[in-house]
K.L.:
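Can you keep this structure in mind? I'll have questions shortly.
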Amino acid sequence: DLCAMMRQKNVILVGGAGNGKTSLLCRMSEVAIANKLPCLLVNSRDIKEDCSEYIIKKLPIIPKLRNMTSLYLRFFQRKYFYIFVDAINENDREVFTNSISTLLETFSKYSRIRILLTCRREYFDSRYKTLFSTGEEKPYIFNLQEAEYDERATMKMIKAYMEYFNVRGPFSLETREKLRNSLFLTRIFFEVNSNREECMLEFRNAEIYKLYFEKIASENKGVNLSAVVNSIARYMFTEFQFDKIPIEELHLSADELDSLRNLLDNNLIISRSVHAGTGITEHEDEYVYFVFDELRDFCL
């Protein structure tokens, strides 16, 4: 499967939350840069226009040569040029959805331009699979989970987590199947059950998320995590925007903001700075958002 994927021009990497799709793209970008190969890594949420136009605008072409973009791209015939678009399922804008499949067709005439997209498995099956199957350029679908996590690998992973977090079994077949389907859930399951010896035969995802929030809150006394999460949820519902919120909307003091930033390293909520404008209009805005959709949906 890996060899077949590496020979493809266009690939969609499909997997569940926490399977490492974003980490893989970041690592591939690092490898490309280390080998002096041009690459472009973007998050789909940043694309607010036609995908092809957005990618082309990101290329380092001086304004006077913008009308010669095709010639500029053919320069890459000497080298491979990698375009990575992460989390296409996180952008619901109509202009994005209508143009993501034609992105492959736009760059199909350039043999050394490779495109790799990532998508959550459940969203791909319900929305994007049909979209890409009807396009002229059909990508290679690489299912990260199916290719990597068989029963033997799952048991090896569970054993390693049990030893690290000092968790005793046994685990029911239902529990093992749940852990196998989400590496993110696996991590926090063992984290909240650390040093416990109870016989855990099954669990509900919501209970695990609840325990995880309580654990993180108890370790970060400088900020009211429950109030922060409620503020985020209220803003998302009010503005009908479920990907991010401006950090000032949390209305936190300077000390609380410092405590929140210390909490961000726990892979629960993360902040991101967005640069906009040029010259005197240049400014930077900071946003916060949930790292995983599953946690966001639980909070909402």
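Quick note: residue numbers are just sequence positions, from 1.
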K.L.:
May I ask whether Leu131 and Ile47 are part of the same hydrophobic cluster, defined by side-chain heavy atoms of I, L, V, M, F, W, Y residues being less than 4.5 angstrom apart, directly or through others?
P.N.:
yes

K.L.:
Could you grab the distance from atom CE of Met157 to atom OG1 of Thr186, nearest 0.5 Å is fine?
P.N.:
4.5 Å

K.L.:
Taking the side chain as every heavy atom from C-beta outward, state whether Arg45 and Lys244 have any pair of such atoms under 4.5 Å apart.
P.N.:
no

K.L.:
Are there more than 12 heavy atoms of other residues, nucleotides or ligands under 6.0 Å from atom NZ of Lys138?
P.N.:
yes

K.L.:
Looking at every non-hydrogen atom in both residues, tell me the closest pair between Pro246 and Tyr287 and how far apart they are.
P.N.:
N-CD2, 3.5 Å

K.L.:
Is there side-chain contact between Ile245 and Leu250, with at least one heavy-atom pair below 4.5 Å?
P.N.:
yes

K.L.:
Side chain to side chain contact (heavy atoms under 4.5 Å, CB included) with Ser226: which of Val229, Val228, Asn224?
P.N.:
Asn224

K.L.:
How close do Glu248 and Glu286 get, heavy atom to heavy atom, and via which atoms?
P.N.:
OE1-O, 4.4 Å

K.L.:
Within the distance-only criterion (no hydrogens, no angle test), does the side chain of Asn35 pair as donor or acceptor with the backbone N or O of Leu37 below 3.5 angstrom?
P.N.:
no

K.L.:
Can you tell me how far the CZ atom of Phe84 sits from the CG atom of Asn43, to the nearest 0.5 Å?
P.N.:
14.5 Å

K.L.:
Would you name the heavy atoms of Ile88 and Ile100 that are closest together and state the gap between them?
P.N.:
CG2-CD1, 4.2 Å

K.L.:
How about Glu94: does its CD atom have over 12 heavy atoms from other parts shown lying under 6.0 Å from it?
P.N.:
no

K.L.:
With sequence neighbours left out, write down each residue that passes side chain to side chain donor-acceptor pair (under 3.5 Å) with Glu53, or none if nothing qualifies.
P.N.:
none

K.L.:
Would you find a donor on one side and an acceptor on the other, under 3.5 Å apart, between the side chain of Thr118 and the backbone of Asp86?
P.N.:
no

K.L.:
Roughly how far apart are Ile216 CD1 and Glu191 CD, rounded to 0.5 Å?
P.N.:
6.0 Å

K.L.:
Tell me every residue that passes side-chain contact (heavy atoms from CB on, under 4.5 Å) with Ser194, counting only those two or more places apart in sequence or in another chain.
P.N.:
Phe165

K.L.:
Within the supplied structure, the quantity of interest is the number of heavy atoms (other residues, nucleotides, ligands) at a distance under 6.0 Å from Lys129 NZ; does it exceed 12?
P.N.:
no

K.L.:
Hey, mind stepping through Tyr161 and Phe189 against side-chain contact (heavy atoms from CB on, under 4.5 Å) and telling me if it holds?
P.N.:
CA-CA 10 Å; Tyr161 271 116; Phe189 169 76; over 6 Å; no

K.L.:
Where do Tyr209 and Leu295 come nearest, in terms of heavy atoms and distance?
P.N.:
CD2-CD2, 3.9 Å

K.L.:
Find the distance between CD1 (Ile115) and OG1 (Thr106) and round it off to the nearest 0.5 Å.
P.N.:
8.0 Å

K.L.:
How many angstroms lie between CD1 in Ile113 and CG in Leu104, if you round to the nearest 0.5 Å?
P.N.:
12.0 Å

K.L.:
Taking the six-membered ring of Tyr82 as reference, does the cationic atom of Arg114 (NZ for Lys, CZ for Arg) lie under 6.0 Å from its centre and within 45° of its axis?
P.N.:
no

K.L.:
Can you sort out the partners of Val95 under side-chain contact (heavy atoms from CB on, under 4.5 Å), two or more places apart, ordered by chain and number?
P.N.:
Arg93

K.L.:
Would you say the side chain of Phe242 lies within less than 4.5 Å of the side chain of Asp297, judging by non-hydrogen atoms?
P.N.:
no

K.L.:
Got a salt bridge between Arg27 and Glu30, using NZ or NE/NH1/NH2 to carboxylate O under 4.0 Å?
P.N.:
yes

K.L.:
Following the transitive rule for hydrophobic clusters with a side-chain heavy-atom cut-off under 4.5 Å over Ile, Leu, Val, Met, Phe, Trp and Tyr, establish whether Val42 and Ile33 coincide in one cluster.
P.N.:
no

K.L.:
How long is the gap from CD1 on Ile141 to CG on Leu13, to the nearest 0.5 Å?
P.N.:
10.0 Å

K.L.:
Quick check: is Tyr164 connected to Val167 through a chain of hydrophobic side chains (ILVMFWY, heavy atoms under 4.5 Å apart)?
P.N.:
yes

K.L.:
Establish whether Phe213 and Leu300 are linked, either directly or via other cluster members, by ILVMFWY side-chain heavy-atom contacts under 4.5 Å.
P.N.:
yes

K.L.:
Write down the atom of Gln8, the atom of Val11, and the distance for their closest heavy-atom approach.
P.N.:
CB-CG2, 3.7 Å

K.L.:
Going by side chain to side chain donor-acceptor pair (under 3.5 Å), name the residues that satisfy it together with Asn10, two or more places apart in sequence or in a different chain.
P.N.:
none

K.L.:
For Glu249 and Glu239, run side-chain contact (heavy atoms from CB on, under 4.5 Å): C-alpha distance rounded to whole Å, both residues' side-chain angles, the deciding distance at 0.1 Å, then the answer.
P.N.:
CA-CA 12 Å; Glu249 292 293 334; Glu239 300 297 325; over 6 Å; no

K.L.:
Quick check: does any side chain N or O of Lys9 sit under 3.5 Å from a backbone N or O of Tyr110, one acting as donor and the other as acceptor?
P.N.:
yes

K.L.:
Out of curiosity, does Tyr235 fall in the hydrophobic cluster containing Phe237 (side-chain heavy atoms, cut-off under 4.5 Å, transitive links)?
P.N.:
yes

K.L.:
If you define the side chain from C-beta out and look only at heavy atoms, does anything of Arg120 sit under 4.5 Å from Lys21?
P.N.:
yes

K.L.:
Walk me through it: do Asp46 and Tyr54 pass the test side-chain contact (heavy atoms from CB on, under 4.5 Å)?
P.N.:
CA-CA 9 Å; Asp46 295 329; Tyr54 177 87; 3.8 Å; yes

K.L.:
Apply side-chain contact (heavy atoms from CB on, under 4.5 Å) to Glu105 and list each qualifying residue two or more places apart in sequence or on a separate chain.
P.N.:
Thr102, Glu136, Glu137

K.L.:
Could you go through the side-chain contact (heavy atoms from CB on, under 4.5 Å) check for Phe81 and Arg112 one step at a time?
P.N.:
CA-CA 6 Å; Phe81 173 38; Arg112 288 182 174 253; over 6 Å; no

K.L.:
Are any non-hydrogen side-chain atoms of Phe132 and Leu117 less than 4.5 angstrom apart?
P.N.:
yes

K.L.:
Output all residues satisfying side chain to side chain donor-acceptor pair (under 3.5 Å) with Glu256, sequence neighbours left out; order by chain, then residue number.
P.N.:
Ser253

K.L.:
So which heavy atom on Asn91 is nearest to which on Thr97, and how close?
P.N.:
O-OG1, 4.0 Å

